[in-house]
Student: 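Right, I'll just put the structure down here and ask away after.
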There are 2 protein chains.
Amino acid sequence: MTARRGGKGVTLKDVAAHVGVNASTVSRALDARKAHLVQVDTRLLVQGAAKQLGYRPDRVAGALRRGATGTAGVVVADLANPFTAPVIHGISQALRPMQMVPMVLETNDDRSQLEASIDHLLSRRVDVVIVAAARFDDRAVLEDAARHTPMILAARGIPGCALPQVLHDDQLGGALAAQHLLGLGHTRLVELRGPADIGNFVGRHTGFQRTCKAAGAEVIVLENALRPRLEDGERLANVLLDEHAGRMPTALFAHNDLLALGALGVFRRRKLQCPRDVSIIGYNDSLGIDQVDPPLTSVVYPGVEVGRRAGELAMRIAHGQRPADSGVLITSELRIRRSTARPRRA
Amino acid sequence: MTARRGGKGVTLKDVAAHVGVNASTVSRALDARKAHLVQVDTRLLVQGAAKQLGYRPDRVAGALRRGATGTAGVVVADLANPFTAPVIHGISQALRPMQMVPMVLETNDDRSQLEASIDHLLSRRVDVVIVAAARFDDRAVLEDAARHTPMILAARGIPGCALPQVLHDDQLGGALAAQHLLGLGHTRLVELRGPADIGNFVGRHTGFQRTCKAAGAEVIVLENALRPRLEDGERLANVLLDEHAGRMPTALFAHNDLLALGALGVFRRRKLQCPRDVSIIGYNDSLGIDQVDPPLTSVVYPGVEVGRRAGELAMRIAHGQRPADSGVLITSELRIRRSTARPRRA
DNA sequence: CTGTTAGCGCCTTCAC
DNA sequence: GTGAAGGCGCTAACAG
């Protein structure tokens, strides 16, 4: 079927020679945008020969010539975090119709890996970079890189950053969580906070804190999680039980479902029932979280939507349209399940 | 800090002009493998100038010249499936030290999208392709593509395929599941099978079936899931309850955790208790599956390991070492939790 | 409509 | 140890 020459690929020249025309003609005949410049019968001839010889355009050479590679960089913190995959999935959805391909790199929330990733991507001349791994102190690095290649922030924002940002409204999410718990009658609450240099967690905290304050409720302050994972949820829950035993809160807002699950496990082991003794509310509405015991109330994180919108914005930018809306906030909603209830009579 | 010229990037020539040497010298001075060919002081001069001007090598041009792009294609079925992320994570771990960058494409288990993905990747001249989305009838397409660019199969195998394969031992996994259930005393079982043209599910089925047969146990045959997701688990569980009400099995082996969770939900709604009325065993040992009610017994799928091994093999191949071991099987283990128990007295 | 020419930025001979 | 030249495969600009 597909032919091959001496170990190397078939080039435009080969096709041209085979048909007996010039390489430029082949180039034009095979480019949808220019095919009309070529006489119908030669075009057909060329297309036939191309298929017969198994010609596949070399987009590396094309990219060098044109200055556009048809690739987008995607920088994420951690692929293993269940929060990440939907975002990439959304980005991927937006790229496909534009025939763009993502290069996906992980930072592990490490600054030098972020820099290395950006370096790789810019060296490979991606047309645009989507950063879903930003921490506050990465701002200078990112803004600097953006002077060479357009960049946008997705999923994780940096306040005041000059780059376009496509974010979820974490502040609203935090407020929704607070409203729900306050509405149930809780007056002493606690937060399991994610790292303080990641916008999402700051937003969730701000929204939650502000809403609780306004209602005159008490919020116990715990240290932030180092990484918002199961183990840190366990650690913080133990701290809470050990150091605040006298004044246990009746409700807990975890900045993500993993932290919530960690806490839930510790509570169970230490004989506290949810929601009887503590109501728990998570964040992300992760897959399967409704099958947990008890099914977890959680703020929906619309990861696919965030990714898709970021991807769409990136595509517009890559194609030279610098759009007016240099910021998108995607709204939240709360999925109420059985892990939250009225507090027991005090 | 970083400089820029009239909207374009800094090139080798710019650095050369700045130092007053030839571009070849700059090229050599900045290439670790050739730097020794350059006098120490000119080398330092060049390196200084490069940094000062903010020179960043153009790997697109380099790739054209050298014939290697330093990129690997990664083809997955579905990024939103929790099974996928760990595999990519593992691949990513293997690529990083080799300074290679993955281009990640999704097929949605659709043949034409698989072909389009491969086309994209080969056009962009990736050095190697890792396919983690293979279905049995993709064999010809994949083997054909492999004549142009080295390809390997990861996570999902095709029996008898000529490409190197890095797989998990699904047959062992199915056997482990069966042994566990048989050991508990179950004699009438059922399988929630994934699609029949995906190697993993065929392997799980074979291992399970064979082990049950050898023990003389009865396995109820249900149609395969169309997609191994929650909804299909629900659908098949309903089919089971509606059509096999008279002879309900006491144990269920789901080909993945999502199918298991779907079935679990239906059973609960229809007043069957797990594990009292039905034992359930899943596959993948997904994150958080131990927090479900009841905590799910599951066969571990070592996705990160599979990805890492596949990535390592791909790296060796990309660097020209065609290795002897054209197949790797990664072992399984069972995580026993509370969703499986002895059957009730019949 | 088609051919010719001239690079895109880099790296690898081959000279010196 | 360094420079000059050529070309990877493609496409845009300019002729004809």
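Lettering of chains follows the sequences in order, A, B, ..., and the numbering in each one begins at 1.
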Student: For DNA chain D, whose closest nucleotide is more 5', that of A/Gly62 or that of B/Arg65?
Tutor: B/Arg65

Student: Testing A/Asp14, A/Val26, A/Leu30 one by one against A/Tyr55 for a side-chain contact (heavy atoms from CB on, under 4.5 Å), which residue passes?
Tutor: A/Leu30

Student: What is the distance from NZ of A/Lys13 to P of C/dT2, rounded to the nearest Å?
Tutor: 20 Å

Student: Rounding to an integer number of Å, can you tell me how far A/Asp58 CG sits from D/dC8 P?
Tutor: 12 Å

Student: Write down the distance between CZ (A/Arg66) and C1' (C/dG9), rounded to a whole number of angstrom.
Tutor: 17 Å

Student: When all nucleic acid strands are considered with a 4.0 Å heavy-atom cut-off, which category describes B/Leu12: base, sugar-phosphate, or nothing?
Tutor: sugar-phosphate

Student: From CG of A/Asp14 over to C1' of D/dG9, roughly how many Å is that when rounded to an integer?
Tutor: 10 Å

Student: Between the protein and nucleotides 1-4 of chain D, which nitrogen or oxygen pairs come in under 3.5 angstrom?
Tutor:
from: D/dG1; atom 1: O3'; to: B/Gln39; atom 2: OE1; distance (Å): 3.1
from: D/dT2; atom 1: OP1; to: B/Gln39; atom 2: OE1; distance (Å): 3.2
from: D/dT2; atom 1: OP1; to: B/Thr42; atom 2: OG1; distance (Å): 3.4
from: D/dT2; atom 1: OP2; to: B/Gln39; atom 2: N; distance (Å): 2.8
from: D/dT2; atom 1: OP2; to: B/Thr42; atom 2: OG1; distance (Å): 3.3
from: D/dG3; atom 1: OP2; to: B/Asn22; atom 2: N; distance (Å): 2.9
from: D/dG3; atom 1: OP2; to: B/Thr25; atom 2: OG1; distance (Å): 2.6
from: D/dG3; atom 1: N7; to: B/Arg28; atom 2: NH2; distance (Å): 3.0
from: D/dG3; atom 1: O6; to: B/Arg28; atom 2: NH1; distance (Å): 3.4
from: D/dA4; atom 1: OP2; to: B/Asn22; atom 2: ND2; distance (Å): 3.1
from: D/dA4; atom 1: N6; to: B/Ser24; atom 2: OG; distance (Å): 3.2

Student: How close or far is atom P of C/dG9 from atom CZ of A/Arg125, stated in whole angstroms?
Tutor: 9 Å

Student: Determine to 10° how strongly the helix from C/dC1-D/dG16 to C/dC16-D/dG1 is bent, judged from the axes of its five-pair ends.
Tutor: 40°

Student: What is the minimum heavy-atom distance between B/Thr107 and B/Ser117, and which atoms define it?
Tutor: CG2-OG, 4.4 Å

Student: Among B/Asp78, B/Asp197, B/Asp109, which one satisfies salt bridge (charged side-chain N to carboxylate O under 4.0 Å, His left out) with B/Arg156?
Tutor: B/Asp109

Student: Who pairs with A/Thr71 by side chain to side chain contact (heavy atoms under 4.5 Å, CB included), at least two apart in sequence or on another chain?
Tutor: A/Thr69, A/Met103, A/Val126, B/Met103, B/Arg124

Student: Closer than 3.5 angstrom, by distance alone: can the side chain of A/Asp31 be matched with the main-chain N or O of A/Arg28 as a donor-acceptor pair?
Tutor: no

Student: Measure CZ/A/Arg56 against C1'/D/dC10 and give the value in whole Å, please.
Tutor: 17 Å

Student: Any idea which heavy atoms bring B/His120 and A/Arg59 closest together, and the distance?
Tutor: CD2-NH1, 4.4 Å

Student: Nearest whole angstrom, please: distance from the P of C/dG9 to the NE2 of A/His148.
Tutor: 15 Å

Student: Look at B/Lys34 and C/dT12 and indicate whether a side-chain polar atom (N or O) is within less than 4.0 Å of OP1 or OP2.
Tutor: yes

Student: Output, in order, the C-alpha distance, side-chain angles, deciding distance and verdict of side chain to side chain contact (heavy atoms under 4.5 Å, CB included) for B/Leu95 and B/Met315.
Tutor: CA-CA 7 Å; B/Leu95 303 208; B/Met315 293 305 89; 3.2 Å; yes

Student: Between B/Asp31 (CG) and C/dT12 (P), how many Å, whole number?
Tutor: 7 Å

Student: Phosphate oxygens OP1/OP2 of C/dG9: is one of them under 4.0 Å from a side-chain N or O of B/Thr11?
Tutor: no

